[in-house]
Every structure is written in structure tokens, then in C-alpha cells.
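The next block holds one structure in the form of C-alpha cells; read it before the comments.
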Number of protein chains: 2
Amino acid sequence: MAKRAKPTIDAVEILHRRFYEGKPARLKNLEEARANEEIARKIHELRTAANLTQTQLARLIETTASVICRLEDADYEGHSLAMLRRIAGALNQRVEIRFVPIRRSA
Amino acid sequence: MAKRAKPTIDAVEILHRRFYEGKPARLKNLEEARANEEIARKIHELRTAANLTQTQLARLIETTASVICRLEDADYEGHSLAMLRRIAGALNQRVEIRFVPIRRSA
DNA sequence: TTGCGCTTTCGCAACATTGCGAATAGACTG
DNA sequence: CAGTCTATTCGCAATGTTGCGAAAGCGCAA
């Protein structure tokens with residue numbers, strides 16, 4: 001994921017401006033999507049860091065590999081506290097939840 | 001909730017030693033219960049800080065007061081990310097989730 | 001090529017959370 | 001006391017998440 005140096009045109013930025021800027025509803029969805037993606041990535045990270053396959057982690061929390069796979073899918077929108085806690089517990093972690101203020105951009 | 005100064009016997013501590021110490025399963029439940037309680041309290045805090053009644057907050061996230069009441073009940077165990085996000089959104093906050101390592105006590 | 005381990009996708013039943021109204025309780029005011 | 005506002009509890013239908021097996025994809029080594 002190397003950063004390109006000063007592209008003449010940044011397509012991502014253009015798309016952002018076109019579709020998201022100044023559109024709260026869309027921005028909200030975008031943020032949620034990013035949050036879910038981050039959770040998925042984090043689960044994957046924790047699992048691989050612990051040197052476990054999906055099947056092995058699945059056994060630890062008494063479910064199946066397909067469930068773990070679903071959780072690691074960046075497009076999955078059904079993350080629940082209950083499941084995050086089960087995974088955290090199996091990996092000697094705990095889930096910390098915080099509400100942090102959002103700064104309203106102009 | 002003033003702290004009592006050096007009680008001769010601390011009942012809470014005694015109970016803790018008797019029922020929880022060195023019993024991982026019970027400790028886990030205890031931790032979960034505390035986490036839920038904390039979430040409930042946090043929601044209550046955010047709502048009152050924003051000067052809203054349960055009914056008002058309920059309208060903001062398009063539900064009813066009884067639902068908010070349930071969320072603020074310390075004994076409620078069904079907290080979900082989806083709901084936490086809705087509330088956070090209505091109050092200009094976002095939900096941050098982190099996995100933090102647990103230190104194994106001896 | 002085959003075989004093996006790991007991951008991904010699909011469908012549906014089972015279980016958990018939310019939606020919501022109605023009834024009750026508590027605090028406060030007039 | 002009645003009247004009002006707020007919070008709480010209950011039950012059940014509607015929606016959402018999880019459980020789980022089966023099948024298929026992928027990478028890699030023999």
C-alpha cells in the first residue's frame with residue numbers, strides 16, 4: 001500500500017468529492033463501512049498474530065470456520081459485541097468501548 | 001458513593017475473595033457484567049449530558065422510550081454495536097472499539 | 001496432474017435483539 | 001388530592017445475528 005507521490009489527479013479524492021462531500025447520510029454510511037472493515041481487519045490480525053487458522057480459532061470459541069470467515073470479511077455489517085467478546089476472550093484480550101466526540105467539519 | 005475510611009472488615013472484598021478469586025469462569029462473567037453496566041451508565045451519562053429525556057433520545061434514533069430504558073438498565077446483557085452506534089450518532093459521537101491485552105494474574 | 005490445508009461462499013434453521021404499545025410507579029407541582 | 005412528566009416493566013411480533021454443513025476456490029508441494 002505505498003503512497004503515490006503527488007499524483008497529477010487523485011481519483012480517490014475526486015470520487016470522494018463527487019459522492020460524499022457535504023452529504024451527511026452518505027458520510028455516515030462511509031464511516032460505518034470503514035469501522036466494520038477495521039474490525040474485520042483487527043480480528044484477522046489478532047488471529048494470525050496468535051498463529052491460528054480460522055478453524056482453530058473457531059474451535060476456541062465453539063463455532064465453525066465459516067463464521068470466522070464471515071467476521072473477517074470487510075463487507076460484513078453484522079458485527080456484535082457478543083461475538084467480539086468471545087473472540088477477545090479466546091485470545092486473552094478484552095473489548096474496550098468508548099464514545100468519542102465527533103468534530104463537525106465545516 | 002463516598003468511600004468509607006478503613007473499615008475494619010470490607011464485606012465486598014470478603015465476598016470477592018470467597019466467590020471470585022481464582023475462578024476464571026466466574027471472573028469472566030463478572031467482567032462481562034461490569035462491562036455491560038458501564039455501557040448502560042455511559043449511555044445514561046451521554047443522554048443526560050445532552051439534556052434529553054429518554055423519549056427525546058428515542059425520537060432521535062427512531063425508537064421508543066422503553067428501548068432506551070432497557071439500554072440504560074445495568075442488568076441488560078443485550079447491548080449491540082448497531083444500537084450503540086445509533087445512539088452515538090444521534091449525540092455526535094462515534095463508537096470506538098479496541099482489543100486490549102489482558103494481563104494474566106498469577 | 002492429484003492431494004492437502006486453508007479460506008470463502010451459500011442457504012436455512014435457531015437464537016438474540018429490537019420495535020412498540022400498554023400498564024405501572026415515582027417525583028414534582030398546583 | 002389530581003395532573004403532568006419521566007422512567008420502568010412486560011409481552012410478543014419483527015428483524016437481525018449466529019450455527020453449521022456442503023461445495024468450491026486457492027496456493028503449494030509431490
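Small disclaimer: the values here were computed from a predicted structure and weren't measured. Just so we're on the same page: letters track the sequence lines, and every chain starts at 1.
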[X] [atom1] to [N] [atom2], straight-line distance once rounded to whole Å:
X     : N      : atom1 : atom2 : result
B:R59 : D:dA7  : CZ    : C1'   : 15 Å
A:E72 : C:dT9  : CD    : C1'   : 15 Å
B:L57 : D:dT8  : CG    : C1'   : 16 Å
B:I68 : C:dT17 : CD1   : C1'   : 14 Å
A:Q54 : C:dC6  : CD    : P     : 10 Å
A:R85 : C:dA16 : CZ    : P     : 15 Å
B:E32 : C:dA16 : CD    : P     : 13 Å

Handout entry: Heavy-atom donor-acceptor pair, B:R86 side chain to B:I61 backbone, under 3.5 Å
Key =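 Yes.
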Please name all residues satisfying side chain to side chain donor-acceptor pair (under 3.5 Å) with [X], sequence neighbours left out, ordered by chain then number.
X     : answer
B:S66 : B:T64
A:Q93 : none
A:R59 : none

With sequence neighbours excluded, residues passing salt bridge (charged side-chain N to carboxylate O under 4.0 Å, His left out) with [X]:
X     : answer
A:E77 : none
A:R41 : A:E37
B:R70 : none

So [Y] and [X], do their side chains get closer than 4.5 Å, heavy atoms only?
X     : Y     : value
B:K42 : A:F99 : yes
B:I97 : B:V95 : yes
A:L81 : B:I39 : yes

Problem - Bend angle of the helix from C:dT1-D:dA30 to C:dG30-D:dC1, end axes from five pairs each (to 10°) - result: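 For the helix from C:dT1-D:dA30 to C:dG30-D:dC1, the axes at opposite ends meet at about 30°.
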Problem - Rounded distance (nearest 0.5 Å) linking atom CD1 of A:I87 with atom CG of A:L91 - result: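 Between atom CD1 of A:I87 and atom CG of A:L91 there are 8.0 Å.
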Distance-only criterion, 3.5 Å: show the donor-acceptor pairs between side-chain atoms of residues 43-52 of chain B and protein atoms not counting sequence neighbours.
unit_1 : atom_1 : unit_2 : atom_2 : d
B:H44  : ND1    : B:R47  : NH2    : 3.4
B:H44  : ND1    : B:E72  : OE1    : 3.0
B:R47  : NE     : B:E72  : OE2    : 2.6
B:R47  : NH1    : B:L52  : O      : 2.9
B:R47  : NH2    : B:E72  : OE1    : 3.0
B:T48  : OG1    : B:H44  : O      : 2.9
B:T48  : OG1    : B:E45  : O      : 3.1

Problem - Heavy-atom protein contacts under 4.0 Å, nucleotides 13-20 of chain D, coded B base, S sugar-phosphate only, - none - result: ----SBBB
Practice task
Let me have a per-nucleotide readout for nucleotides 24-30 of chain C, 5' to 3', with B, S or -, counting only protein heavy atoms under 4.0 Å.
Solution key: -------
Practice task
Strictly below 4.0 Å, heavy-atom distances to any atom of DNA chain D: list the hits from residues 35-53 of chain B, or just say none.
Solution key: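 Close to the strand are B:R47, B:T53.
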Problem - Partner residues of A:A82 under the side chain to side chain contact (heavy atoms under 4.5 Å, CB included) criterion, sequence neighbours left out - result: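 Here the qualifying residues are A:S80.
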